[in-house]
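For reference, the structure is listed below as structure tokens.
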Amino acid sequence: MKNYSIALLPGDGIGPEVSAEAVKVVEAAGERHSFKVEWVKYPFGAAHYNKTGEILPASALDEMGKCDAMLLGAVGDPSVKPGILERGILLTLRFHFDQYINLRPARSFQSVPCPVPLKDGSVIDSVVVRENTEDFYMGIGAVSENGRFDAPFEAKRGLYDVAGHLKADFSCEFPAALQIGALTRPGIERVTRYAFDLAKKRGEDKVTLASKANAVPFLYGFLDEETKRVAEEYQEISLKIQNVDAMCYQLARTPAAYGVILCPNLFGDIVSDLLSALTGGLGLGAGGNIGDKLSMFEPVHGSAPDIVGTGKANPLAAIISASMMLDHIGESAGAKAIDAAVSSYLSGDASEKPIELGGNHTCQAAGDGVARKIV
Ligand code: ATP
């Protein structure tokens with residue numbers, strides 16, 4: 001019997017509710033597929049911060065780094081100024097462990113209505129491979145009251161540190177903002193290889209890159225050229241480069257036509273939310289932050305403070321995230337069992353579904369429903 005150590009950070013709002021159901025389902029999969037999980041639970045989030053002033057200590061990062069993976073509920077609460085916990089916990093974890101891939105699968109289910117009619121029983125089965133550390137998310141920029149910029153900047157990443165000076169003068173005095181996006185050859189290479197390897201694993205012959213080189217030529221022109229260079233290593237898989245606006249248009253019309261979608265950070269954030277909506281809503285959007293050290297799996301949705309304690313939280317996104325986590329650590333039979341259990345649960349009686357999907361199942365009842373279907 002294999003044993004895994006998983007860092008568990010339930011976090012805020014509905015995070016503890018949905019992650020408890022994900023834990024329940026993983027345990028059920030472990031019983032059937034002969035693996036055991038030791039959950040190393042962390043209290044970080046709004047309540048801990050309000051009580052102690054501590055956000056995420058370095059000692060915890062060291063400890064977490066020894067685990068096989070991490071499962072996270074959600075972070076953020078109205079009692080804490082926006083950004084403190086998101087930057088202090090989520091972004092710190094992503095950058096500290098250099099989780100350079102944000103993987104967001106989008107799968108439609110026959111029983112969950114899709115806002116776009118799918119042709120002849122076709123299904124949406126795509127996955128966004130979003131670069132997670134560069135682009136316009138470098139945090140480099142400034143706002144000025146008089147159009148003059150003169151400020152140092154620095155950013156630290158797993159691959160490199162970058163430091164410089166932002167200097168610019170507009171010819172007139174007015175409030176203005178500047179923000180810089182950055183892409184690097186190694187940053188593009190590693191995410192492109194990940195996307196192509198994934199397409200190969202999924203038996204697909206194409207990767208579609210979301211770009212916009214016609215309007216943002218330095219950044220995305222470079223992205224196109226570097227991606228093409230890496231794509232040449234893969235004889236059997238072609239690269240299709242599509243402007244992100246055209247991609248959104250096509251996704252809304254023919255979502256089933258897409259498989260692996262490779263995106264720079266900003267476009268990936270937007271395209272994956274669109275896909276979430278197309279496949280049934282936030283409560284189904286699962287995600288993984290993946291790197292060569294500790295990888296972290298979390299639902300796409302936030303802490304949804306408006307529905308805490310009401311039973312309305314749909315735990316399926318957290319459960320599917322947990323399945324991605326099992327696949328990542330090598331428990332693919334357990335992961336497949338969870339995916340099949342979710343499909344089977346969703347194809348049951350219309351009333352026996354999460355409240356978000358029109359049924360009467362509370363968060364706990366939905367977790368029980370999936371756990372019962374594990375074979
Ligand atoms: P963040 O910026 O952290 O993603 P947000 O405020 O943009 O957070 P969410 O917290 O994801 O958004 O929630 C948006 C709304 O969607 C919530 O108010 C809630 O009603 C609904 N929602 C989110 N997640 C779920 C879920 N798992 N089940 C049911 N409803 C949900």
If we only count heavy atoms from C-beta on, is the [X] to [Y] side-chain gap below 4.5 Å?
| X | Y | value |
| --- | --- | --- |
| Y194 | I290 | yes |
| I6 | M325 | yes |
| T279 | V112 | no |
| I180 | L178 | no |
| C363 | V18 | yes |
| L91 | E86 | no |
| E298 | V75 | no |

Looking at every non-hydrogen atom in both residues, tell me the closest pair between I124 and C114 and how far apart they are.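 Closest approach of I124 to C114: CD1-SG, 4.0 Å.
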
Measure from NZ or CZ of R157 to the centre of the six-membered ring of F95 and say whether it is under 6.0 Å with the direction within 45° of the ring axis.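 Yes, R157 and F95 form such a contact.
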
Between atom [atom1] of [X] and atom [atom2] of [Y], what is the distance when rounded to the nearest 0.5 Å?
| X | Y | atom1 | atom2 | result |
| --- | --- | --- | --- | --- |
| S144 | F149 | OG | CZ | 4.5 Å |
| L275 | C248 | CG | SG | 9.0 Å |
| L61 | Y42 | CG | OH | 9.0 Å |
| M324 | D339 | CE | CG | 9.5 Å |

Is there a donor-acceptor pair closer than 3.5 Å between any side-chain N or O of [X] and the backbone N or O of [Y]?
| X | Y | value |
| --- | --- | --- |
| S5 | W39 | no |
| Q99 | L294 | yes |
| E204 | V260 | yes |
| H33 | V375 | yes |
| D169 | R148 | no |
| S344 | A340 | no |
| N102 | E131 | no |
| E54 | P57 | no |
| D12 | A46 | yes |
| S272 | G268 | yes |

Output every pair passing side chain to side chain donor-acceptor pair (under 3.5 Å) with a member in [range], not counting sequence neighbours, ordered by first then second residue.
| range | value |
| --- | --- |
| residues 300-316 | N314-E356 |
| residues 246-261 | Q242-Y258, Y249-R253 |
| residues 363-375 | K24-D368 |

Is there a donor in the side chain of [X] and an acceptor in the side chain of [Y], or the other way round, less than 3.5 Å apart?
| X | Y | value |
| --- | --- | --- |
| E134 | T184 | yes |
| D269 | Y137 | yes |
| D292 | Y100 | yes |

L85/F44 under side chain to side chain contact (heavy atoms under 4.5 Å, CB included): CA gap, chis, key distance, verdict: CA-CA 9 Å; L85 299 173; F44 308 115; over 6 Å; no

Quick one: list whatever passes salt bridge (Lys or Arg N to Asp or Glu O under 4.0 Å) with [X], sequence neighbours left out.
| X | value |
| --- | --- |
| D125 | R202 |
| E233 | R193 |
| E352 | none |
| K228 | E225 |

Return the set of residues passing side-chain hydrogen bond (donor to acceptor under 3.5 Å, both in side chains) with [X] (not counting sequence neighbours), or none when no residue passes.
| X | value |
| --- | --- |
| E189 | R229 |
| H361 | Y345 |
| E331 | Y4 |
| K206 | none |

Remaining members of M1's ILVMFWY cluster at a side-chain heavy-atom cut-off under 4.5 Å?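 None; M1 is a cluster of one.
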
Lys/Arg-Asp/Glu bridge criterion (N-O < 4.0 Å) met for D327, K201: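 Salt bridge flag = yes for K201 with D327.
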
State which residue, out of N265, D135, N289, fulfils the side chain to side chain donor-acceptor pair (under 3.5 Å) condition with R130.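 For R130, the side chain to side chain donor-acceptor pair (under 3.5 Å) check succeeds only for N265.
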
Within 6.0 Å of CD in E236, more than 12 heavy atoms from elsewhere: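 It does: E236 CD has more than 12 such atoms within range.
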
Are more than 12 heavy atoms, taken from residues, nucleotides or ligands other than F218, located less than 6.0 Å from that residue's CZ atom?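 No, not enclosed.
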
